[in-house]
Amino acid sequence: MTSTAPETQRGQDAGDPLGEQPTSWQRRLRRFGHVPRPETPLRERLDPPYTRPGRQVWSVLAIPPHVADRLVRWSGWGGPLLITLVAGLLRFWKLDRPHAVIFDETYYAKDAWALVNQGYEGSWPKDVDKLILKDPSSVPIPTDPGYVVHPPVGKWIIGFGEQLFGFTPFGWRFMVAVLGTVSVLLLCRIGRRLFRSTFLGCLAGLLLAVDGLHFVMSRTALLDLIVMFFVLAAFGCLVVDRDRARRRLAGALPVDAEGVLRPDARIAETLRLGWRPWRLAAGVMLGLAFATKWNGLYVLAAFGLMTVLWDVGARRTAGAVKPYTAVLRRDLVPAFVSTVPVAIVTYVVSWTGWIVTDKGYYRNWAATEGKNSSWNWLPDWLRSLWHYENQVYDFHVGLTSGHTYESNPWSWLVLGRPVSYFYEEQAGCKESTTGKCASEVLAIGTPLLWWLACFALAYVVWRWLFRRDWRAGAIACGVAAGWVPWFFYQERTIFLFYAVVFVPFLCLAVTMLLGAIVGPAAGQGARAELGLTSGDPTGERRRTLGAIAAGVLVLLIVWNFIYFWPLYTGTSIPEDLWRDRMWLDTWV
């Protein structure tokens with residue numbers, strides 16, 4: 001099922017003798033599981049084909065071949081759309097419940113409402129949440145500017161839902177639920193392109209649909225899921241750009257008399273890859289992520305490096321003798337311009353509402369406190385914005401006040417300390433031995449999925465280091481970009497729900513692991529592709545056992561999501577059942 005050829009150094013098609021004469025480092029790595037790659041045609045290495053279900057599947061289902069071909073063509077979109085439909089129904093089911101301002105919605109819902117109505121955030125009075133829930137029309141929007149510590153894009157998005165459905169819980173959660181649902185579709189399509197398998201793409205989307213943290217964040221008006229959406233969209237754009245660039249290289253290489261594509265060092269090192277709109281789109285998406293929360297800036301740096309290394313691999317595979325030099329001359333400047341400056345411009349444009357008004361917080365700083373600055377030749381709005389950003393950075397770095405639900409990033413993958421967004425007890429509950437029922441919205445991932453992801457990440461890292469699989473490297477990059485930066489701020493007050501940014505990449509890692517468990521369809525090449533040793537059986541028995549094992553794991557994850565459903569949705573359950581779901585003491 002995962003038939004995409006991993007990135008190769010040169011390969012036999014490029015005249016590299018490594019396939020027959022392994023180097024000393026390759027011989028040393030074999031003790032850790034390194035297996036020489038099977039010989040793969042150059043065209044398939046540059047532009048791998050998508051896998052197709054075997055004829056036996058359709059024969060068992062008694063589906064005629066012409067109908068099966070049509071289903072295969074439709075499945076590329078039909079499967080992801082079906083998974084997305086399920087995810088959307090789950091996320092929009094009673095979206096207005098609980099009818100409360102939960103956790104940090106108290107900031108973003110109100111800031112968004114002020115932003116879309118007057119262009120800047122207001123300074124809201126305390127204890128106004130109850131009045132908003134009772135009668136939002138009776139609560140005036142404050143004209144005094146409010147000090148906010150996050151850029152405006154996420155709040156503009158939340159505010160758009162409020163414009164459509166009012167200043168209500170459904171209104172401020174609507175657009176977040178839309179992005180959470182669409183992100184499932186994105187992951188299905190990204191996984192399909194990454195693994196060249198519709199089945200594995202849909203599996204990745206299904207795992208995201210039933211992840212508890214992603215689910216809760218899709219139903220809460222916070223900024224982190226919006227960051228996740230733009231990061232995932234940027235990753236998808238870069239994967240599409242990678243495919244198109246490699247296809248262009250393949251189209252420029254010579255074909256011998258037998259119709260076989262051959263490497264060419266001159267073409268591989270001098271060919272200009274031309275206009276790359278998907279990389280430009282990735283720059284816009286990364287700018288929008290950065291303009292929602294600043295942690296998107298780390299993703300911009302990581303993804304920028306990743307796409308340049310992809311170009312190095314493409315030119316090396318096409319036959320370049322000095323691929324790094326070729327990328328430095330041909331690709332580095334276009335890659336930088338289409339991502340970093342584009343992201344910065346996108347960020348600045350996102351502040352338009354603050355720029356065009358004269359009432360935003362610090363908006364007039366340059367004309368008052370900063371009028372004697374040596375940078376007076378710059379526009380006042382730009383100097384005021386720069387000062388504002390400096391103040392915000394100092395706030396974030398100095399945020400060390402304790403919180404009941406703060407957690408260290410080391411504990412995130414094992415769900416050491418989830419965040420309770422909402423909790424309410426009801427007395428007189430006859431079903432409970434304590435006489436109480438409990439309603440809670442707990443921001444926690446589906447435990448079995450996250451604990452399996454710990455093993456999947458180890459597999460992905462191993463596969464990247466010792467099998468040189470670019471897909472594993474891309475997944476590891478996505479996780480690292482969203483997770484590693486928080487280790488530099490361990491003294492800061494941080495929370496588990498920040499991890500939602502890299503949840504899609506955890507799902508891709510689990511999908512890759514499950515694909516390896518299922519095993520290849522047939523052949524030495526496919527077997528080596530999945531990281532299986534030459535001694536593994538290749539018949540139907542091997543695949544049947546693998547499919548059963550993977551299927552059981554997926555069913556357990558789905559069951560685990562259903563089991564924790566009351567804690568994700570704030571459903572009232574007897575306190576005894578609530579305590580049964582507190583698997584770890586740190587969850588209370």
Side-chain angles (χ1 to χ4, degrees), residues 1-6 48 50-51 53 75-76 79-84 86-87 183-215 228 231-232 235-236 239 413 445-464 467 469-480 482-483 499-521 526 529-532 543 546-561:
M1 290 182 183
T2 54
S3 63
T4 308
Y50 285 83
T51 58
S75 65
L81 287 173
L82 181 60
I83 299 295
T84 304
V86 174
S183 65
V184 173
L185 176 63
L186 285 179
L187 191 64
C188 287
R189 294 290 298 178
I190 291 170
R192 179 179 183 270
R193 184 176 288 271
L194 201 66
F195 300 120
R196 288 304 198 261
S197 166
T198 299
F199 173 78
L200 291 182
C202 289
L203 177 58
L206 174 63
L207 294 176
L208 186 63
V210 297
D211 174 63
L213 183 60
H214 185 274
F215 177 78
M228 180 280 304
V231 167
L232 183 61
F235 181 77
V239 172
L413 287 184
T446 303
L448 294 186
L449 173 60
W450 282 63
W451 294 340
L452 179 61
C454 295
F455 297 97
L457 282 178
Y459 171 73
V460 162
V461 172
W462 171 83
R463 187 164 177 78
W464 175 41
R467 296 300 169 90
D469 191 330
W470 74 271
R471 300 165 303 178
I475 294 169
C477 179
V479 174
W483 185 27
V500 73
V501 174
F502 60 84
V503 164
F505 300 96
L506 293 182
C507 294
L508 288 173
V510 173
T511 299
M512 178 171 259
L513 176 64
L514 293 176
I517 291 174
V518 172
E529 258 314 291
L530 289 173
L532 305 175
R543 286 180 56 78
I548 291 173
V552 168
L553 289 173
V554 172
L555 290 176
L556 287 173
I557 291 170
V558 173
W559 164 82
N560 202 207
F561 174 77

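Along the sequence shown, residues carry numbers from 1.
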How close do [X] and [Y] get, heavy atom to heavy atom, and via which atoms?
X: Val184; Y: Gly205; value: CG1-O, 3.5 Å
X: Tyr459; Y: Ala516; value: OH-CB, 3.4 Å
X: Gly76; Y: Arg189; value: O-NH1, 2.7 Å
X: Leu185; Y: Pro80; value: CD1-CB, 3.7 Å
X: Cys188; Y: Cys202; value: SG-CA, 4.0 Å
X: Ala549; Y: Ile517; value: CB-CG2, 4.0 Å

[atom1] of [X] to [atom2] of [Y]: how many Å apart, nearest 0.5 Å?
X: Thr84; Y: Leu206; atom1: OG1; atom2: CG; answer: 10.5 Å
X: Leu506; Y: Thr511; atom1: CG; atom2: OG1; answer: 10.5 Å
X: Leu208; Y: Met228; atom1: CG; atom2: CE; answer: 6.5 Å
X: Leu203; Y: Phe195; atom1: CG; atom2: CZ; answer: 9.0 Å
X: Cys477; Y: Phe505; atom1: SG; atom2: CZ; answer: 8.0 Å

Under the 3.5 angstrom rule, does the side chain of Arg196 hit a backbone N or O of Arg193 as a donor-acceptor pair?
yes
Regarding Arg192 and the six-membered ring of Tyr50, is the cationic atom NZ or CZ under 6.0 Å from the ring centre and inside 45° of its axis?
yes
Are more than 12 heavy atoms, taken from residues, nucleotides or ligands other than Trp483, located less than 6.0 Å from that residue's CH2 atom?
yes
I'd like to check [X] versus [Y] (side-chain heavy atoms, cut-off strictly below 4.5 Å). Are they in contact?
X: Leu194; Y: Ile475; value: yes
X: His214; Y: Ser183; value: yes
X: Phe502; Y: Val231; value: no
X: Phe561; Y: Ile557; value: no

Excluding sequence neighbours, so at least two apart, what forms side chain to side chain contact (heavy atoms under 4.5 Å, CB included) with Val510?
Leu207, Leu449, Leu452, Ala453, Ala456, Leu514
Quick one: list whatever passes ring-ring contact (aromatic ring centres under 6.0 Å, His included) with Trp451, sequence neighbours left out.
none
Option passing side-chain contact (heavy atoms from CB on, under 4.5 Å) with Val479 (candidates Leu457, Leu413, Val461)
Leu457
